[in-house]
Every structure is written in structure tokens, then in C-alpha cells.
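The structure displayed is predicted, hence computed values, not measured ones.
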Amino acid sequence: MDDLKHMARAAKSRLKSNYWADCKENIEKNANEAKIKGLSEIKAKSSFKNRVKSEIKGEKQDEFYQKVKELLDAEGEVSDALGRLTDKEYYTSLSYEEKQRYNLELSSKYLNALRRYRKEKEDGII
């Protein structure tokens with residue numbers, strides 16, 4: 001019940017602060033920028049709508065993706081990306097098998113983040 005009340009208050013707050021009017025304005029602005037750049041307006045609108053939905057749902061920013069994005073923006077695709085993204089303190093505390101599992105999971109997360117980065121770059125989001 002408390003969650004429902006919290007969600008209702010948040011919705012009411014969005015209505016009072018012209019949140020939706022600002023969103024509509026930002027969607028049109030992003031679509032126009034995409035059009036000027038020669039990118040798909042539909043993709044730009046869709047990506048902005050997805051960001052608004054995740055913001056409303058209260059989803060947190062993916063910290064790992066942010067690290068990967070910063071690395072790629074700063075230096076591009078580097079050969080030692082996994083080494084740079086590894087949590088050194090945690091890694092040293094693992095056994096051999098756990099280290100292997102950690103490397104595989106980190107590699108998978110990195111590849112997913114790299115795909116997302118490339119897609120956003122292609123769509124003109126970033």
C-alpha cells in the first residue's frame with residue numbers, strides 16, 4: 001500500500017511540475033537534432049521515451065555501463081579493457097575457479113555494454 005501511495009505522490013508531483021510538457025518538448029528537440037544530423041527521428045524518439053520510462057520506474061543507472069562508456073569515450077576500444085574494469089581487491093580474494101567465473105561474467109557484461117554503446121552511438125544518442 002505504501003508503494004502505491006508513493007507512486008501516486010510521484011505522479012502528482014510530475015503533473016504539477018509540467019514534467020510531461022518538458023518531456024514532449026525534449027522529445028521534439030531530440031527528433032529535430034537527429035533529423036539535422038541525418039539520423040532516424042523515430043529511433044531518437046524511442047530512445048528518449050525509454051529513458052523517461054526507466055526514470056519514472058526508478059531504475060538506477062547501470063554503473064558498469066557508465067564505466068565502460070567513460071572508457072570508450074576517453075580511449076576507444078582498448079585491448080586491456082577487462083583488466084581496467086576488474087575490481088582488483090575483490091579479484092585477489094577469489095579462488096582460481098572463482099576468478100575464471102568472474103572473468104567470463106565480466107567479459108559477457110563488457111560485450112553487452114559495448115553493443116549498447118555502439119547502438120547508442122549509431123542512433124546518435126551519445
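By the side chain to side chain contact (heavy atoms under 4.5 Å, CB included) test, E98 is found to be paired with L94, S95, R101, residues two or more places apart in sequence or in another chain being considered. Applying the side chain to side chain contact (heavy atoms under 4.5 Å, CB included) test to E25 and every residue at least two apart in sequence or in another chain returns nothing. Here K67 pairs with L85 under the side chain to side chain contact (heavy atoms under 4.5 Å, CB included) rule; sequence neighbours left out. When the side chain to side chain donor-acceptor pair (under 3.5 Å) test is applied to D87, no partner is found at least two apart in sequence or on another chain. For E77, the salt bridge (charged side-chain N to carboxylate O under 4.0 Å, His left out) criterion is met by R118, not counting sequence neighbours. Shown here are the salt bridge (charged side-chain N to carboxylate O under 4.0 Å, His left out) partners of E75, two or more places apart in sequence or in another chain: R84. By the side chain to side chain contact (heavy atoms under 4.5 Å, CB included) test, N112 pairs with S108, R115, sequence neighbours left out.
Taking both residues in full, the closest heavy atoms of L71 and A81 are given as CD2-CB, 4.0 Å, listed atom of the first, atom of the second, then distance. Residue A34 comes nearest to E41 through the heavy atom pair CB-CA, 4.4 Å, listed as atom of the first residue, atom of the second, then distance.
Annotation: cation-pi geometry satisfied between K109 and F64 (NZ/CZ under 6.0 angstrom from ring centroid, within 45° of ring axis).
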Practice task
Give the C-alpha distance, both sets of side-chain angles, the deciding distance and a yes or no for side chain to side chain contact (heavy atoms under 4.5 Å, CB included) between K45 and N30.
Solution key: CA-CA 7 Å; K45 286 181 178 182; N30 285 344; over 6 Å; no

Practice task
Please report the C-alpha distance between K37 and E33 in whole Å, then the side-chain angles of each, then the deciding distance to 0.1 Å, and finally whether the salt bridge (charged side-chain N to carboxylate O under 4.0 Å, His left out) criterion is met.
Solution key: CA-CA 6 Å; K37 293 179 182 177; E33 288 176 5; 5.2 Å; no

Exercise for the section: List the steps and the verdict of side chain to side chain contact (heavy atoms under 4.5 Å, CB included) for N103 and L82. Expected result: CA-CA 8 Å; N103 286 334; L82 294 181; over 6 Å; no

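Applying the 6.0 Å contact sphere to CD1 of I42 captures no more than 12 heavy atoms from other residues, nucleotides or ligands. Under a cut-off of 6.0 angstrom, the local environment of NZ in K88 is crowded, with over 12 non-hydrogen atoms contributed by other residues, nucleotides or ligands. Surrounding NZ of K29 are at most 12 heavy atoms belonging to other residues, nucleotides or ligands under 6.0 Å away.
The distance from the CG atom of L72 to the CG atom of L114 is 6.0 Å, given to the nearest 0.5 Å. How far CD of E28 is from CG of N26: 10.0 Å, rounded to the nearest 0.5 Å. E105 CD to Q100 CD: the interatomic distance, rounded to the nearest 0.5 Å, is 12.0 Å.
Residue pairs meeting the side chain to side chain donor-acceptor pair (under 3.5 Å) criterion with at least one partner in residues 8-21, sequence neighbours excluded, are Y19-E55. Screening residues 83-116 for ring pair (Phe, Tyr, Trp, His ring centres under 6.0 Å) gives Y90-Y102, Y91-Y102 as the qualifying pairs, with residues at least two apart or on separate chains.
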